[in-house]
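Taking it in order: structure first as structure tokens, then the write-up.
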Amino acid sequence: MDWALPPNYSTFGVQIDQLFWIIFVITGIAFVLVEAGLILFIVKYRSRTGHKAYYTHGSNKLEIIWTVVPALVFVVLGVYSAGLWADIKNPSNMPEGAIEFEVRAKQFEWNIVYPGPDEILGTGDDFEVLNQFHFPAGEPVIVYLEAEDVIHSFFIPELRVKQDAVPGMRIPVWFDATQTGEFEIACAELCGLGHYRMEAAVTVHERADFDAWQASRALAQ
Ligand SMILES: [Cu+2]
């Protein structure tokens with residue numbers, strides 16, 4: 001169903017999409033019921049000559065039902081998604097041996113810091129590329145997200161990753177791309193007048209191609 005969600009190329013995307021559809025169906029049913037009730041009441045209790053308004057103080061039973069049912073739904077959804085949330089967002093659950101990058105967001109560009117051929121950030125062979133994010137497929141990637149001015153949001157739809165970049169914070173984000181391809185980082189937080197053009201090209205390589213690309217860029221610096 002590509003009219004609804006972009007194709008998934010993330011190892012945890014299937015679970016994210018499952019959660020998305022469960023929430024979509026639940027909220028969809030609630031939406032239809034509430035709107036149908038609204039339309040029914042608008043028509044049924046419209047102003048008509050000869051009909052007197054009837055005053056009611058409400059129904060405790062009804063109010064308890066429509067408070068308890070949504071509360072239970074929220075609790076169940078919260079518990080159901082807690083494990084996945086922890087796997088994806090909890091810094092102590094970040095995969096080991098991941099290749100690490102630093103991504104600095106600012107109005108209106110993405111500055112990608114590469115670890116260089118030694119694959120260690122903060123060493124002499126690191127280099128920066130503006131608005132071009134290359135990484136290998138089939139292995140975990142950790143991005144340390146920073147923001148230099150206002151809040152931005154790092155969003156790669158095909159990898160099912162979305163995380164705010166907040167000034168003063170260094171936030172780890174991880175993902176594991178299941179296949180190679182060309183995607184896009186979009187800023188998903190309205191961050192100023194140039195927000196619409198805050199995008200970067202994402203290239204997911206085979207490991208060998210990524211090594212070659214990174215070696216050539218490191219040499220060029
Ligand atoms: Cu932005």
Side-chain angles (χ1 to χ4, degrees), residues 2-13 15-17 19-20 23-24 27 81 84-95 98-116 121-122 126-137 139-205 210 213-214 217-218 220-221:
D2 54 355
W3 48 266
L5 291 173
N8 163 47
Y9 297 125
S10 168
T11 50
F12 51 66
Q15 289 163 280
I16 296 261
D17 291 357
L19 200 55
F20 174 88
I23 293 171
F24 183 80
T27 50
S81 61
L84 179 61
W85 182 259
D87 285 347
I88 299 172
K89 297 284 188 180
N90 190 335
S92 57
N93 290 340
M94 297 281 153
I99 174 165
E100 299 183 329
F101 299 86
E102 194 174 279
V103 173
R104 293 198 212 110
K106 74 171 187 190
Q107 291 171 323
F108 298 98
E109 57 197 27
W110 301 95
N111 203 1
I112 320 289
V113 182
Y114 290 82
L121 274 179
D126 293 8
F127 61 93
E128 297 181 13
V129 182
L130 207 58
N131 291 332
Q132 275 190 55
F133 189 18
H134 294 245
F135 55 87
E139 57 185 286
V141 171
I142 294 181
V143 165
Y144 292 96
L145 250 195
E146 295 182 359
E148 292 181 15
D149 37 37
V150 298
I151 299 176
H152 300 274
S153 181
F154 177 85
F155 183 30
I156 308 178
E158 290 83 356
L159 295 179
R160 302 297 189 266
V161 192
K162 186 189 269 174
Q163 171 63 53
D164 275 8
V166 183
M169 294 181 78
R170 184 177 164 86
I171 301 172
V173 183
W174 79 272
F175 47 84
D176 188 339
T178 54
Q179 63 180 78
T180 59
E182 309 255 332
F183 312 116
E184 194 176 71
I185 306 175
C187 182
E189 184 76 60
L190 188 56
C191 57
L193 280 177
H195 167 69
Y196 71 94
R197 62 182 157 87
M198 188 164 172
E199 56 188 9
V202 173
T203 310
V204 187
H205 297 267
F210 172 73
W213 179 86
Q214 195 173 231
R217 292 305 295 234
Q221 292 277 312

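Ligands are counted one by one from 1 in listed order, and the atoms in each one are counted from 1 as well. Quantities reported herein were computed from a predicted structural model and do not represent experimental measurements.
Between Phe133 and Phe175, the angle of the ring planes goes over 60°, which puts this pair in the perpendicular group of the 30/60° scheme.
Listed for the Thr178 side chain is no donor-acceptor partner under 3.5 Å among the backbone atoms of Thr11.
Between the Cu ion (ligand 1) and the N, O or S atoms of His152, the shortest distance is to ND1.
Taking backbone and side-chain atoms together, Cys187 has an N/O/S atom less than 2.8 Å away from the Cu ion (ligand 1). At a threshold of 2.8 Å, the Cu ion (ligand 1) has a backbone or side-chain N, O or S atom of Met198 nearer than that distance.
When every heavy atom of Glu184 is checked against every heavy atom of Pro157, the shortest pair comes out as O-CD, 3.9 Å.
Not less than 6.0 angstrom separates the ring centroid of Tyr144 from the ring centroid of Phe101.
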